[in-house]
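Since the structure comes first, as structure tokens, the remarks are kept for the end.
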Amino acid sequence: MNAIEPVTLPGSNNPDMTDHVSAIALRSKAFLWWWIAVAPAALLTSILIGSILYLFYAGVGIWGIDWPVAWGFAIISYVWWIAIASGGTFISALFFLTRSEWRNSINRIAESMTLFGAACAGIYPILHLGRPWFFYWLFPYPNSMGLWPQFRSPLLWDFFAILTYVTASVLFWYLGLLPDLATLRDRAPTRTKQVVYGAMALGFRGTSGQWRHYHALYGVLAAIMAPLVCSVHSIVGLDFAGAATVGWHSTMFPPFFIFGAFLSGFATVLLLIMPLRRLLRLQRYITTRHVEVLGRLLLTSSLFVGYAYIMDAFTTYYGGEKAEITMFQEKLFGYYAGIYWATILFNVLLPQLLWFRTIRLNQLVVGLISVGVIVGMWCERYTIVVVSLHRPRLPSSYGIFHATIWDWLTLTGTAGFFVFGILMIVRLVPVISMFEMREILAPRRP
Amino acid sequence: MPPVNRQWRGLDRLARDPAFVARASAEFPQLAAALAEPRDRRSVLKLMAAGLALAGLSGCDDGAPGGVLIPPVLPADNTVAAGSRMFATASVLGGYADGILVRHVNGRPIKVEGNPLHPASLGGTSAIGQAEILGFYDPDRSRGLIRDGEPQSWSSLLTTLAAQRDALGQGAGFRILTGAVTSPTFSRQIAALKQRYPEMRWHRWDPVCRDAMRAGAVLAYGQPVEVLPQLDAVDLLVTIDSDLLDSAPGHLRFARDFAARRNPARTDRMSRSYAIEPTPSLTGVAADHRFVVSPRDLVRIVPALAASILRGETPAGMPSWFAPLAAEMQAAHGRAFIHAGPQQPAEIHALVHAMNEALGGRGATYTLIGPVEADPVDQAASMRDLMADMQAGHVTSLLIMDSNPVFTLPGFGEALKRVPFSMTLAAETTETGGQTHWTLPARHPFEDWSDARAYDGTVTILQPQAKPLYDGLSPHALLALFQAADQVDSRDVVRQTHGLTDGQWHDALATGVVPNTRAAVSDARLKSGAAQALPPRPAGGEVTLLFRPDPHLWDGRFANNAWLQELPRPLTKLTWDNPLLVSPAIAKRLGLANGDRVSVAVGDASVVLPAWVMPGQAADCAVALLGFGRTDVGMVGQGAGYDVYPLTGGGGPVTLRKGTGREVLACTEHHDPIFTDAGDYVRQGTLAAFKANPGFLGGPAEQPSLYNRKPTGPAAWGMSIDLNACIGCNACVVACTAENNIPTVGKQQVIHEREMHWLRIDRYHEGDPADPNILFQPVMCQHCEQAPCEIVCPVGATVHDQEGLNVMVYNRCVGTRFCSNNCPYKVRRFNYFDFAGEERRPAVARNPDVTVRARGVMEKCTFCLQRIAEARIDADMANRPIGADEVKTACQSACPAQAITFGNMAQGGDIAERKKSPLTYTLLDDQGTRPRVTYEARIFNVGSDTGT
Amino acid sequence: MAAIFRPTANIAAQVVVVGLGMLIVGGAVWWWAWPRMDYVRHMGWTVEQPVPFSHQHHVAGLGIDCRFCHVTVETAANAGLPPTYTCMTCHSQIWTNAALLAPVRESLANNTPIVWHRVTDLPDYVYFNHKIHIAKGVGCQSCHGTIQDMALTRKARTLTMGFCLDCHRDPAPNLRPADAIFNTDWHRTAETPSPAALMQHYHVGGRNLTDCSICHR
Amino acid sequence: MTLIVASFESETGLIEALPRLRGLGAVETYTPKALQGDDRTSILPLVVLIAALLGAGAGFGMQVYANTVGYPVDIGGRPEFSWPAFVPIAFEIGILSAMLAGFFGYLIVNRLPHLYDPVDEAMLMRGATCDRWCVSIRTDSPDRTHDLLRDLAAEHVEELSE
């Protein structure tokens, strides 16, 4: 398979597609592989719940964070997840605006990824707090103390950004789901499914009015989602750039973080669609073309990120601030140097293989590169948070950070929760946006 | 459970101890009730607080635990129902007294301050003195009479003593063992005892003693005179392995006098000081020149120095600095002073006496006084006799007070077994107490009457600060019981000694000094032989092993004091441990890194302990720190560090071998010990450069900024820290801990870098590891006007008030820790666990004017906001502005050298003056944070210029 | 009959939608109202005490000055609770064997304090200081309400941070002439100096009373 | 009144049919995707725009009020009215209200949720969400409608009495 297939294989048509896709959601018994996949995911999810409960009981002291390195896994993983989440929005919103046909068959998966990526990210800021039960103090509610949150703090901007992003993603996802839910309602084999999907479809019947407003609105919302996701990531970048801390105080962070979001987003989408198209027999609609396109996007964004890394080094030495240079040396050759170089390898060097068409078409290699990118992005955040913090301006406050078992359990726990969520989506709703596919498929069987 | 340090478990154990519960029920009804049904330690502590309140500690009561108010039955006499008062007393170490005032809040002792009227203190305190209040509240303090492990009643003690009185007869077998004593009352009682038991003997033993100095004085003058330096009159100070500013009696006063001549911006006659020492000391670090010399060379160099000064010889084979120094000393005739430390042999002291006389210092830079100590003896000799008699069975009854020989003197435990009747009087559980027949709980100095003399002989009356927390016996009462059957009130005993009128007595109590008790100036003449004294050459061997007291645990008596255990040692920044300090050369030879185990053998005695590389230590030297490794001690000191006393007994060559494995040591500094550019933080220069351009180290006026909003309150608080005065003694750190209810976190958490000190003293080594330049810099919240921490807090938990304070509102903090990230000075501390709740001291011991911080909130230096608030209210009530120097922060008032100045800059005063100093600079001024704390750069008066 | 839902389903759906809407609105209202309710603030609650002491009787009835019992109110942070001794100064003469007063007599006899229960209990991180408020002309009633009418002492103000801030933002209305501070039946009259004049007189307004460091340490 | 529902096999079929059917009564189409050539505009974009502006304005206003009137505090020596710092939150609140307005606006303009509709009774409606192009006519003249639909080659026709 080294000739690139079209967006949909020849002979694909609407009825077959509709039958096939809705059958996946409506089948009475789940696939065996589904059960095999869901078991560990569920286990990890329960581990997540367990470690959260213990955290609330014992306090953030159970983590590796200390005096100079006061931020740790919670923030690293938060940034990591929110970046993964954004990838989905880019595909569903940005490429909707560009009317790219290939997007129609994968935007449902991408958006679901956004949903659960954002959910995982959303947990962390609360876990991170020393007194999590007071997290609502970040919200400007009418309190008897006459107090307000401190609106100049990037963390507060972040709080609002996440709030908006999660809500918007859910609404956008659900809106996009309405017509397909209607389809499921009308094809549901059992009464229960009829009622459930029927209720969720809210009575969408595809009347002329419903369609007219639908397209008007969907376009507008897509046009909103695109800047929103950029703002969310700029603000996450500002959580760091807004501080005077060594290694953080850089005007480049907002775009830098957006590049990172592209990269990890595309990588995760690739990792989801490549197995799913096989397991769910979707090769007709998610073709090697998709893999190829995403491969190119992955390469492009990796070049962006590479540029950011170079500028990072350049500004440090060009700026010539002593503390910055000390910290950067430490980053390159110090205790944590391995993690920095892993970042470079996974995020910049390996993706360069994608210049070759044959590589782009080799799904195994593409998969490995994507995994590398996701690991690399985590390492990047580890470097930004830990390495920067462990070399503050005064040598007397130098320090070191070692993660504890609880750090790792929480991280893997959220990973499990993410997979669990995706599997639920696969089981319950159409993994391909059927009504959008109809735009590009033959209306009738040949 | 969170990994909490062992030391917290104590009170639980206590609560389960039936004996304690029984006693408690007698003293504190609620407490017993609480202990009866199991509860969490916190509530027990609360009730203990209530119990202590009932026990009479607290007159009135604001916010008593459990939402109840407990007014006294009778109006509390002469305690102000609320607010604070000071009561004078003294903190005694090695017999010598430093005057202190104890602050009482709501009628209970809360904090130790210096006594400005006391000659040895002048308002300053030592770290140990500051920590004494914690010792007073220590739940581990020994309570109840024990005989062979069985609890006893007071009456049984009285009968036993009655039997003793009869049995002792002429007192042939009766021995009393104490530490060095200056108490007039005590010696008076001993004298009386000697009348009753003519043949009794009084032995003295301190593991850290000043025998050599005494012997040196006898060599030089034929009598044990003591030297009284006038450091503010000294232009040229030469110290030889000296503890002048570290721990010598009167060191607080010396630090003050020394500092008075150290800042060229304030004195036009900056003194110059040379330190000749084998291992870094505070005295050496404070000097302009520090010469690293091994003891084995000292015994060569000092006589040579004497020769060239006394007889004008020019010895050969001396280090390069020798000739210039000798010349300079001669040039400074009448303005120079030489001081040698207690670790040096008597002969060297004799030579130093001779040199001081020859340099015409006597009467100008120092005076001689008669011995301050009561009936001074050669402790080593005195102990040899005692041990011999004990072995021989001549000792029938032995009374041990304020001494722990079983721990500090190898072989004593064995000898003790042969004594038919032995009795220990100790405030804390000690190894000795465990091995004598009787163990009596002593009253804490804050609980009973006594007296003591200062380094210059001045007498202070020690008065009780509170009713005894646990019933104990005062040494005076015990001696009296050996004297006669009738029990005496120690107050009367003390009072008899001094024969003061009521008026004088009350003045003495109020001022903390008994007037006209200064020791008379001695007119002893120098003996001719002094100048010829020749010190013995120390034993050979490639390693010289030195024993030094731990700067904070001293000889081990403070091992159960968590504040002192967790206080980073001034030069190593180590807590909770006493590794062997090895010179870089030794480390290189044996391939030792910090923490590597090493085995030290002296003759047949040997100890295995971790090593720590000590820059600036003589190549052949290894230093073992005494005082750790206590075995029979409270929960805090249990198993902290290593006992090196066994080595002191061993004779023969010293051998070091690298052991296997490495230990993690709780050090609070994690940077590469050697620095090339410490000057970025601790600005420093020479006196010559200063004279050329006084402002050469001062920072630029103010970084330009987009924001020019300034606090506009009626007061403007500011602080200035003089790095020329700071000797790194840590008194300020403990004072801060005590004043602000700062919890200790234990070794494990210190290793996790979670120590809580609001005020830390940064220490930098600069240059060559063999002989580095060592610098100190106290760092606390800088109270920036453009505070980076405030911008990033999402809930506004840290904001600015209009008087320029960066206030931290604990109860608003949700714990994002962003403020700490964004603090360039990293002065913020976070409660990763419920450190305050896990503290072992009772809640009443806390300062009620300071919020106790919960788990998950950030905290930091507040400029002692509670003191500011008090002054603010007083000023407002009088409708006047707050005076410039009206408020003193805890660190400021504790500093013996007056390195820290704080005040209301709006009203001028000292603070405004110091801020004007040309040496003033702000830390990390490139950050444009505009701190309210500024530093005065360190100036070295180096050899090339005369400085006067 | 092909339809999945009955016509009633539409009504059901609308009910659900409206219900959700009301739930959200109601929740918001509750969030706002709850901390402001007197019930939550224990306003007007009386607390079980060992002795049913009546301020009404002693203050309004006998006209005893506040400072007779609360001796340190002018000189210290806390007003001070009277020692048993103070109670007995009178009650050794009158009501000498009233059953109600038995606890007081026992307290003196066995030298065991009376344990009173707090009526107003500020959090430990709030440092209220009586003497400065008295000195600046704030009357007892501003925070303790009409104490002279309380047969059993009860909490009369919310004592929320908002309550404190209201006065710290604008102290004037709560200021009284110096001689009226302990006068429980004082009322502003024609000849009372104006609030502004009182602010002047007490030199209030020199500092920003809403700084955190005023109350929190 | 009778309700007649018919389905066509192709989109074009339905489009051609519509103008002729309109004469007979109220016509509504049910299609698997939007019909071509329906160029009427929607009010929703305007609603979303207004909501966004209002939300952002309110958000900005709240921050200004809190920092200048509500409880002004000295935060790191920054001015009370530091408007640049207020922009991000204002923006986010604007977006949030836009999303909410858009979504609920859609439900309102389409009277959703609308679970039951008489046309649901028609079996052939089940194809409308897949590949059939359905139309419903409320007419007084069912016969003519039937004839016309037959001429238009409607795939299926169902008549539902109301």
Side-chain angles (χ1 to χ4, degrees), chain B residues 702-718 781-809 811-813 816 818-825 827-828 858 860 922 925 927-932, chain D residues 42-109 112-113:
Chain B
E702 218 175 39
Q703 300 283 342
S705 163
L706 278 174
Y707 309 108
N708 295 300
R709 176 177 185 173
K710 287 210 165 285
T712 57
W717 302 106
C781 174
Q782 307 279 305
H783 291 270
C784 318
E785 285 177 6
Q786 302 284 339
C789 51
E790 294 172 5
I791 312 297
V792 296
C793 176
V795 290
T798 182
V799 302
H800 235 68
D801 83 357
Q802 61 165 175
E803 300 186 342
L805 297 177
N806 167 262
V807 294
M808 177 72 218
V809 192
N811 39 301
R812 176 67 173 171
C813 177
T816 66
F818 203 169
C819 51
S820 175
N821 286 352
N822 213 27
C823 175
Y825 312 95
V827 292
R828 292 175 158 264
M858 192 61 73
K860 66 160 192 74
T922 58
D925 62 350
Q927 292 301 299
T929 50
R930 301 189 182 166
R932 282 284 178 96
Chain D
S42 162
I43 189 185
L44 285 178
L46 185 62
V47 173
V48 168
L49 175 67
I50 293 170
L53 294 179
L54 286 183
F60 193 82
M62 170 185 69
Q63 299 181 71
V64 176
Y65 170 82
N67 281 282
T68 56
V69 186
Y71 199 149
V73 196
D74 179 348
I75 303 289
R78 301 295 193 270
E80 283 173 3
F81 176 62
S82 26
W83 63 269
F86 303 158
V87 170
I89 290 181
F91 175 82
E92 297 299 336
I93 295 181
I95 298 278
L96 182 58
S97 33
M99 288 304 283
L100 292 171
F103 181 79
F104 291 105
Y106 181 77
L107 298 191
I108 291 164
V109 294
L112 298 179

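Naming: A, B, ... by sequence-line order, numbering from 1 per chain. Note: hydrogens, waters and symmetry copies are ignored here, and every other heavy atom, side chains too, is used.
With contacts defined as side-chain heavy-atom distances shorter than 4.5 Å, the pair B:V807/B:V799 qualifies.
Contacts of residues 783-798 of chain B with chain D at a heavy-atom distance below 4.5 Å involve B:E785, B:Q786, B:A787, B:E790, B:I791, listed in sequence order.
Sorted by first and then second residue, the pairs that involve residues 79-104 of chain D and meet side chain to side chain donor-acceptor pair (under 3.5 Å), not counting sequence neighbours, are A:R152-D:S82, A:S231-D:E92. Legend: side chain to side chain donor-acceptor pair (under 3.5 Å) pairs involving residues 43-60 of chain D, not counting sequence neighbours: none detected.
Summarising the local packing, CD1 of D:I43 is surrounded by 12 or fewer heavy atoms from other residues, nucleotides or ligands at distances under 6.0 Å.
Taken to the nearest 0.5 Å, the CD1 atom of D:I89 stands 6.5 Å off from the CD1 atom of D:I93.
Residues forming a side-chain hydrogen bond (donor to acceptor under 3.5 Å, both in side chains) with B:S820 (at least two apart in sequence, or on another chain): none.
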